Amino acid sequence: MISPTISNNPDLVILDIRNNYLSGNIPQWLYDHPSLAAIHLSGNRFEGHLHRRMCQMKSLHIFDISDNHISGGIPSCIDNITSWKKGSSSSTNSNYGQLYDLQLNGTNTEIKTSLQIKHEVYTFEGVPLSLMTIIDMSSNNLTGIIPSEMGELSELRSLNLSNNFLTGPIPNSFQNLKNVESLDLSHNKLSGGIPYELVGLTSLSTFSVAGNNLSGRVPFERQFSTFGTQSYDGNPDLCGDPIPRNCSTTNQLEPRHEDENEETRIIDSPLFFYAFVAVSYAFGFWIFFGILIIKKNWRVIYFRAVDKFIESCFEMLSKYR
């Protein structure tokens with residue numbers, strides 16, 4: 001667990017305890033710290049749910065809880081974190097903005113930290129570090145839908161929700177993430193289409209929705225024309241460039257193909273075969289004997305023929321005695 005004594009330092013700006021064997025829930029006192037701007041908890045064994053109290057962290061710029069065992073949903077109040085929203089005074093938080101001029105042991109020391117962005121690890125310091133705004137909740141056990149309020153975090157540079165169990169559609173509000181450069185929603189259980197409005201995210205250079213249940217036409221305009229098939233792998237119902245599947249073929253032919261398969265499965269079933277034989281036998285039986293009952297002449301001819309057949313059988317048997 002994280003020692004609560006850390007909370008006694010009101011000037012703490014960065015908490016970096018990545019890649020340890022820490023376990024338990026994320027302590028609630030962490031959400032109450034007045035100065036924390038960067039929280040790095042990745043690569044541990046934290047569990048439990050994300051508490052709604054995180055929404056009161058007005059100075060938070062970097063929140064990395066990747067590679068843990070966090071479950072439950074993403075709090076819908078996440079848009080209350082004003083440091084991730086445009087035009088907020090806390091988005092230029094003075095504590096975080098002056099990281100490069102912190103006094104440590106009486107000496108000006110430049111703070112450095114490494115961040116994973118666009119699947120690469122970079123080291124930031126000084127002013128570039130103060131400008132970074134990141135949410136990384138990847139590789140956990142998060143469930144539920146992605147709250148539409150997350151689309152209001154227009155100052156985000158990187159959003160990674162991959163490798164969870166998130167469901168529902170990609171929020172249309174993501175069109176408001178005008179500064180996002182990396183958006184990774186891969187390997188969840190998302191459904192529906194990719195909102196066409198995302199082509200307006202002109203800063204986006206890394207994008208992945210691979211390994212979901214998405215369907216429909218892939219937007220292929222502006223910067224989306226630079227994304228390859230690997231961004232969409234594992235979504236068999238997506239169509240259009242850059243995926244080698246024609247949307248007209250998918251939308252028109254596949255439903256008929258499914259109907260044909262359903263009919264084939266019914267016809268091939270043993271129950272259908274036995275029912276067909278039984279109905280055919282009953283129908284033929286009543287047709288034949290119904291005619292005999294109605295037509296007296298036919299009945300006489302039929303029984304004479306049966307008598308002759310029986311007599312001929314007896315004659316043949318008598319020859320072999």
Side-chain angles (χ1 to χ4, degrees), residues 1-2 14-31 33 36-57 60-81 84 113-121 132-151 153 156-171 173-174 177 180-191 206-214 231 233-235:
M1 296 181 61
I2 306 175
I14 295 180
L15 176 63
D16 190 346
I17 51 175
R18 286 177 282 192
N19 301 316
N20 286 287
Y21 294 95
L22 299 174
S23 59
N25 295 336
I26 298 176
Q28 294 190 20
W29 60 258
L30 192 66
Y31 302 132
H33 199 284
L36 271 177
I39 298 177
H40 301 278
L41 307 181
S42 62
N44 283 287
R45 299 175 180 175
F46 290 114
E47 55 189 15
H49 297 178
L50 290 174
H51 201 277
R52 291 181 60 88
R53 290 171 71 174
M54 71 171 289
C55 300
Q56 67 189 21
M57 303 185 72
L60 191 61
H61 280 63
I62 298 174
F63 187 64
D64 182 2
I65 58 169
S66 59
D67 295 301
N68 279 286
H69 306 294
I70 306 298
S71 58
I74 301 172
S76 59
C77 60
I78 196 167
D79 62 328
N80 290 342
I81 304 178
W84 287 331
T113 188
S114 60
L115 303 173
Q116 183 170 354
I117 304 175
K118 305 176 186 178
H119 308 294
E120 299 288 342
V121 177
M132 294 309 302
T133 46
I134 298 172
I135 296 177
D136 191 346
M137 300 181 180
S138 61
S139 300
N140 279 285
N141 299 316
L142 296 175
T143 57
I145 64 171
I146 301 175
S148 61
E149 291 82 359
M150 186 167 273
L153 307 179
L156 277 183
R157 304 282 180 177
S158 177
L159 175 59
N160 190 347
L161 303 177
S162 63
N163 293 290
N164 281 288
F165 300 94
L166 298 171
T167 57
I170 299 173
S173 61
F174 272 20
L177 301 177
V180 72
E181 301 174 14
S182 177
L183 179 59
D184 192 346
L185 307 177
S186 61
H187 302 290
N188 280 283
K189 297 182 178 180
L190 301 177
S191 57
T206 301
F207 177 74
S208 180
V209 290
N212 281 286
N213 300 315
L214 299 172
S231 295
D233 287 342
N235 293 279

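All figures in this text were calculated on a predicted structure; none of them were measured in a lab.
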side-chain contact (heavy atoms from CB on, under 4.5 Å) evaluation trace for Ile65 with Phe46: CA-CA 9 Å; Ile65 58 169; Phe46 290 114; over 6 Å; no
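- Put simply, the side chain of Asn212 gets close to the backbone of Lys189: a donor and an acceptor are under 3.5 Å apart.
- Between the CD1 atom of Ile170 and the CD1 atom of Ile145 there is a distance of 13.0 Å, given to the nearest 0.5 Å.
- For the side chain to side chain contact (heavy atoms under 4.5 Å, CB included) test with Ser138, the passing option among Ile135, Leu142, Asp136, Asn140 is Asp136; the others fail.
- In this structure, Asn20 and Ile17 approach most closely via the heavy-atom pair ND2-O, 3.0 Å.
- Of all non-hydrogen atoms in Asn141 and Phe165, the two that sit nearest each other are OD1-CE1, 3.6 Å.
- Of all heavy-atom pairs between Glu47 and Asn25, the closest is O-OD1, 3.2 Å.
- Judged by distance alone, the side chain of Ser76 and the main-chain N or O of Pro147 form no donor-acceptor pair under 3.5 Å.
- Contact record, Asn235 with Leu214: OD1-N, 3.0 Å, taken as the closest heavy-atom pair.
- In this structure, CG on Leu156 lies 10.5 Å from NE2 on His61, to the nearest 0.5 angstrom.
- A distance-only check finds a donor-acceptor pair linking the side chain of Asn68 to the backbone of Arg45 [under 3.5 Å].
- Proximity of Asp79 to Leu153: side-chain heavy atoms (C-beta onward) are separated by under 4.5 Å at one or more points.
- Taking 4.5 Å as the limit, every side-chain heavy atom of Leu60 sits out of range of all side-chain heavy atoms of Tyr31.
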Intermediate values then yes/no, side-chain contact (heavy atoms from CB on, under 4.5 Å), Ile26 and Ile39: CA-CA 11 Å; Ile26 298 176; Ile39 298 177; over 6 Å; no
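- Taken from CG in Leu159 to CG in Leu185, the straight-line distance is 6.5 Å, to the nearest 0.5 Å.
- Here the shortest heavy-atom pairing between Leu22 and Asn44 reads N-OD1, 3.2 Å.
- Separation of atoms CE (Met137) and CD1 (Ile146) is listed at 10.5 Å; rounding is to 0.5 Å.
- Put simply, the side chain of Leu15 reaches to within 4.5 Å of the side chain of Leu30, judged on heavy atoms.
- Side-chain contact between Val209 and Leu190 is absent, with no heavy-atom pair separated by less than 4.5 Å.
- When every heavy atom of Leu166 is checked against every heavy atom of Asn188, the shortest pair comes out as N-OD1, 3.1 Å.
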Derivation and outcome, side-chain contact (heavy atoms from CB on, under 4.5 Å), residues Ile70 and Leu50: CA-CA 7 Å; Ile70 306 298; Leu50 290 174; 4.0 Å; yes
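- Residue Met150 holds its CE atom at 8.5 Å from CD1 of Ile81, rounded to the nearest 0.5 Å.
- To the nearest 0.5 Å, atom CD of residue Glu149 and atom CD1 of residue Ile78 are 9.5 Å apart.
- Contact annotation: the side chain of Phe63 never approaches that of Met57 to less than 4.5 Å [non-hydrogen atoms, C-beta and beyond].
- A distance-only check finds no donor-acceptor pair linking the side chain of Asp67 to the backbone of Ser42 [under 3.5 Å].
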